[in-house]
Amino acid sequence: MISSGMKSIYANSVYCIRKLLPWRCRLFGSTASCEQRDFAASSSSSLLDDFSRYCYQRDLPRAMETMVEMHARGNWADSVTYSELVKCCLSRGAVEEGRLVYRHLCFGRYSPKTFLLNVLLNMFVRFGLQGEAEELFDKMPERNVVSWTTLIATYANTARSDRALELMTLMLREGVEPNGHTYSAVLKACGGLSKLRELHCSALKVGLESDVFVRSALIDNYSKLGEMNDALRVFGEMATGDLIVWNSIIGGFAQNDEAIAALNLYKSLKRFGFKVNQSTLTSVLRACTSLTLLELGRQVHVHILKYDQDLILNNALLDMYCKSGDSEDANQVFSGMAEKDVISWSTMIAGLAQNGFSHEALKLFDQMKASGTKPNYISMVGVLFACSHAGLMREGMLHFRSMKKLFGVEPGREHYGCIIDLLGRAGKLHEAVKMIEEMKCDPDAVTWRTLLSACRVHRNTDLAIHAAKQVLRLDPEDAGTYTILSNIYASIQRWEDVTEVRKSMRVGGVLKEPGCSWIEVNKKIHAFIVGDNSHPEKDAINGQVNRLSLRLRELGYLPDTNFVLQDLEGEQSEDSLCYHSEKLAMAYGLMNLPREKTVMIRKNLRICVDCHVFAKLLSKLEHRKIVIRDPIRYHHFADGTCSCGDYW
DNA sequence: ATAGGGTTAG
């Protein structure tokens with residue numbers, strides 16, 4: 001008879017158990033309840049003492065030698081000593097020795113207890129020997145919550161979430177009650193919101209509401225699904241403070257681009273007198289990054305100087321400086337890093353490329369390869385972005401065509417996007433279309449928007465209409481593309497189509513996102529929304545825009561009223577162009593920032609041609625550096641030119 | 001005595 005505790009977890013369990021039954025009888029049969037000491041012959045006590053000493057001293061070679069001797073004499077030590085030996089194997093990565101310990105314990109006249117089998121199970125898992133772990137698990141006469149949790153955790157960590165959840169079900173079916181360890185492991189594997197809520201409920205039922213590990217796992221999962229209300233509720237129910245739970249919620253807001261909430265929580269955390277650590281600061285930096293709060297980020301930089309060798313923190317710092325358009329400080333952090341991983345290199349390459357330093361980015365890519373760091377999918381997005389940004393057709397194609405062979409990177413949407421951008425910039429629109437047809441993955445709205453952008457610059461109306469329709473098919477909420485499409489139809493007098501586009505926009509309830517620009521002055525964010533006059537200094541700002549506009553006209557600035565193929569922030573008239581949010585932000589920056597500071601602006605929509613000309617001329621007139629970061633790329637204006645080369 | 005949490009790049 002096979003007892004329920006021996007039931008195999010595998011589909012072909014009957015076969016599995018039959019095959020193993022003789023082994024099982026020999027090992028776990030009649031002697032199953034024997035204690036280790038019973039086997040120790042009195043004459044061997046000094047051998048066992050030696051063994052125990054070697055194990056606790058972490059002298060692996062001598063311990064193994066003694067173990068072999070013991071095996072020959074039929075002696076066994078106690079479980080705790082063996083667990084020390086396994087720890088020793090693990091810390092040295094001694095796989096073969098570990099296997100030998102396993103054979104010594106499981107293939108002889110000895111019956112290891114569940115505790116010891118769990119230790120061995122964990123050892124196999126740690127060594128990445130999944131097959132051997134499963135085999136052992138399958139053969140265990142009794143599996144407790146630790147055995148199940150150990151295996152569930154490996155599946156959860158190797159992103160085999162279906163298997164982890166399945167094991168949890170089997171565990172419950174066998175009547176083994178899960179604990180906090182189990183939930184924090186299985187939560188890592190939970191895919192959707194409904195499964196998460198289900199696990200959340202059952203964890204509460206088992207009485208785990210105060211387990212901080214479960215709490216942080218729940219917060220983390222709700223955050224990943226963007227359910228910040230749920231995450232906040234779980235956080236708020238915490239009676240005692242726990243730094244990691246705080247880190248989870250701060251990280252959650254930072255990842256969901258709710259930077260203000262993240263920063264406020266960070267402030268309360270400090271007010272409560274908590275000592276924060278690297279993880280907290282990494283999330284705080286990420287929050288600063290998403291708001292382009294360069295000055296606040298610099299302040300955080302001062303606080304993290306004591307962690308100057310922390311790789312992840314340095315990577316976040318790098319990204320903060322890159323995204324804030326400060327490639328000099330990014331370079332400084334980068335060159336000061338003792339250890340660099342693929343993320344450090346990728347961040348820096350993409351950062352340089354986005355800031356218009358394509359050649360520096362490509363030089364860095366050469367250094368990366370020379371350093372022995374293997375580029376991955378994301379690294380190649382940065383490299384191709386650098387090529388497209390500088391119009392380096394030959395080089396871009398070369399990297400694109402060779403990356404699979406050289407680095408095993410299969411080209412994906414983002415890579416194709418760069419190539420389409422590259423071809424589009426060169427005016428090779430039909431080759432760009434061919435590239436879309438060649439894609440193995442389905443093109444998405446971003447892909448078609450890239451083509452649409454190329455059509456806009458090269459004034460190809462027919463193709464633009466096609467691309468715009470594709471964008472709207474894939475993303476029917478994209479207000480900007482409706483506007484472009486309607487403008488195109490208007491320009492070729494297809495009034496019925498104009499009406500049609502406007503109508504479908506109305507029917508679909510698509511609202512145009514108002515243009516918004518942000519600028520940091522005195523560590524505070526000032527937001528300028530088109531049509532919003534609530535800024536206390538609005539009169540002074542409007543006056544400044546008008547004055548600048550007049551002075552720029554002397555330099556040849558003419559408001560660009562050719563709106564065709566453009567998605568503008570506001571109404572389409574010369575008058576309203578003056579009040580595009582980035583112009584207001586530029587004016588405000590010039591009024592309030594010291595002369596040596598770069599005017600750094602972030603905006604939610606892409607910059608229009610008129611504002612682009614305005615910014616270029618302004619940088620020359622005022623001898624100021626201006627950076628405008630739109631959702632796709634950054635425009636560095638200096639001395640009358642822009643790093644984007646007037647293509648975006 | 002064996003199993004558990006948070007942080008970085010497109």
Side-chain angles (χ1 to χ4, degrees), chain A residues 78-84 86-87 90 112-123 125-126 143-154 156-157 178-188 208 211-221 223 235 242-252 254-255 262 276-287 289 304 307 310-320 322-323 337 340-351 353-354 375-385 409 412-415 417-418 446 632:
Chain A
D78 63 290
S79 305
V80 180
T81 308
Y82 284 122
S83 77
E84 288 301 316
V86 169
K87 269 185 216 157
L90 274 172
K113 292 192 292 188
T114 304
F115 160 68
L116 196 48
L117 291 172
N118 284 341
V119 170
L120 291 169
L121 185 66
N122 180 48
M123 178 187 80
V125 161
R126 285 279 141 81
R143 306 178 195 110
N144 62 16
V145 61
V146 177
S147 334
W148 284 99
T149 304
T150 304
L151 215 56
I152 288 174
T154 63
N157 289 329
N179 60 19
H181 291 260
T182 321
Y183 279 99
S184 66
V186 81
L187 278 168
K188 254 187 266 171
L208 291 167
D211 188 310
V212 285
F213 290 84
V214 175
R215 196 181 296 283
S216 63
L218 285 170
I219 293 174
D220 202 36
N221 273 290
S223 303
F235 173 76
D242 178 89
L243 179 61
I244 295 182
V245 176
W246 277 91
N247 287 350
S248 297
I249 192 77
I250 293 173
Q255 281 162 14
V276 304
N277 66 9
Q278 300 89 310
S279 290
T280 326
L281 293 168
T282 305
S283 294
V284 170
L285 272 181
R286 181 167 168 155
T289 307
I304 64 180
Y307 300 116
D310 189 279
L311 178 63
I312 298 177
L313 195 46
N314 274 326
N315 285 345
L317 195 59
L318 260 186
D319 193 40
M320 191 272 292
C322 286
K323 294 256 164 58
M337 284 168 70
K340 299 181 180 80
D341 66 359
V342 64
I343 297 185
S344 328
W345 289 100
S346 307
T347 304
M348 199 62 202
I349 289 170
Q354 281 166 330
N376 64 13
Y377 189 97
I378 300 175
S379 323
M380 293 317 295
V381 174
V383 170
L384 294 178
F385 189 85
V409 176
R413 284 199 192 101
E414 294 91 339
H415 304 114
C418 292
V446 181
I632 313 277

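To find a chain, count down the sequence lines: A is the first, B the second, and so on, and within it residues start at 1. Atoms considered below: every heavy atom in the structure, side chains included; atoms not considered: hydrogens, waters and symmetry mates.
For the pair A/Q354 CD and B/dG10 P, the interatomic distance rounds to 7 Å; values are reported in whole Å. Atom CD1 in A/I349 sits roughly 20 Å away from atom P in B/dT8 (whole-Å rounding). In this structure, A/W148 places its CH2 atom 18 Å from P of B/dG4, rounding to the nearest Å. The nearest whole Å value for the distance from the CG atom in A/L318 to the C1' atom in B/dA9 is 9 Å. A/D220 has its CG atom 16 Å from the P atom of B/dG4, to the nearest Å. Across the protein-nucleic acid pair, A/D341 atom CG and B/dG10 atom P stand 14 Å apart, rounded to whole Å. Rounded to whole Å, atom P of B/dT8 lies 16 Å from atom CG of A/N376. Going from atom NZ of A/K340 over to atom P of B/dA9 covers 19 Å, rounded to whole Å.
A/R413 comes within 4.0 angstrom of no nucleic acid atom, judged by non-hydrogen atoms across all strands. Among the protein residues, A/Y377 comes within range of the nucleic acid bases, having at least one heavy atom under 4.0 Å from a base atom. Among the heavy atoms of the strands, none lies under 4.0 Å from A/S83. Within the 4.0 angstrom heavy-atom criterion, only backbone atoms of the sugar-phosphate kind lie near A/T347; the bases stay farther away. Note on A/G251: nothing from the nucleic acid sits closer than 4.0 angstrom, heavy atoms only. Among the atoms of the strands shown, none is found under 4.0 Å from any heavy atom of A/V125. As judged by a 4.0 angstrom heavy-atom cut-off over every strand, A/V86 is placed among residues making no nucleic acid contact.
In the set B/dA1, B/dT7, B/dG4, the nucleotide with an atom closest to the side chain of A/S184 is B/dG4. Here the side chain of A/T150 is nearest to one of B/dA9, B/dT2, B/dA3, namely B/dA3. Nearest nucleotide to the side chain of A/A350, out of B/dG10, B/dA1, B/dA3: B/dG10. Checking B/dG10, B/dG4, B/dT2 against every side-chain atom of A/F213, the shortest atom distance belongs to B/dG4. The nucleotide whose nearest atom lies closest to any side-chain atom of A/S283 is, among B/dT7, B/dA9, B/dA3, B/dT7. For A/K113, taking side-chain heavy atoms from C-beta onward, the closest of the listed nucleotides B/dA1, B/dT7, B/dG4 is B/dA1. Candidate nucleotides B/dG5, B/dG4, B/dT8 were compared by shortest atom distance to the side chain of A/S216, and B/dG5 ranks first. Here B/dG10 is the nucleotide among B/dG10, B/dA9, B/dA3 with the atom lying nearest to any side-chain atom of A/E414. Residue A/T149 places its side chain closer to B/dA3 than to any other of B/dT7, B/dA3, B/dG10.
How far CG of A/D319 is from CD1 of A/I343: 10.0 Å, rounded to the nearest 0.5 Å. Between the CE atom of A/M123 and the CG atom of A/N118 there is a distance of 12.5 Å, given to the nearest 0.5 Å.
Between A/F235 and A/W246, the ring planes are perpendicular. Angles over 60° get that label, and only those under 30° would be called parallel.
Contact of A/D242 with B/dG5 (side chain to base): a donor-acceptor pair of N or O atoms is detected under 3.5 Å. Contact annotation: side chain of A/D211 to base of B/dG4, donor-acceptor pair present below 3.5 Å.
Here A/S216 pairs with nothing under the side-chain hydrogen bond (donor to acceptor under 3.5 Å, both in side chains) rule; sequence neighbours left out. A/T149 is linked by a side-chain hydrogen bond (donor to acceptor under 3.5 Å, both in side chains) to A/T182, counting only residues two or more places apart in sequence or in another chain.
Residues A/T154 and A/N157 form no side-chain contact, since every pair of their non-hydrogen atoms from C-beta on lies 4.5 Å or further apart.
An OP1 or OP2 oxygen of B/dT8 is reached within less than 4.0 angstrom by a side-chain nitrogen or oxygen of A/R286. Not one side-chain nitrogen or oxygen of A/K188 sits closer than 4.0 Å to the OP1 or OP2 atom of B/dA3. A close approach under 4.0 Å does occur between a side-chain nitrogen or oxygen of A/Q255 and OP1 or OP2 of B/dT7.
If you check the side chains of A/N315 and A/T347, you find no donor sitting under 3.5 Å from an acceptor.
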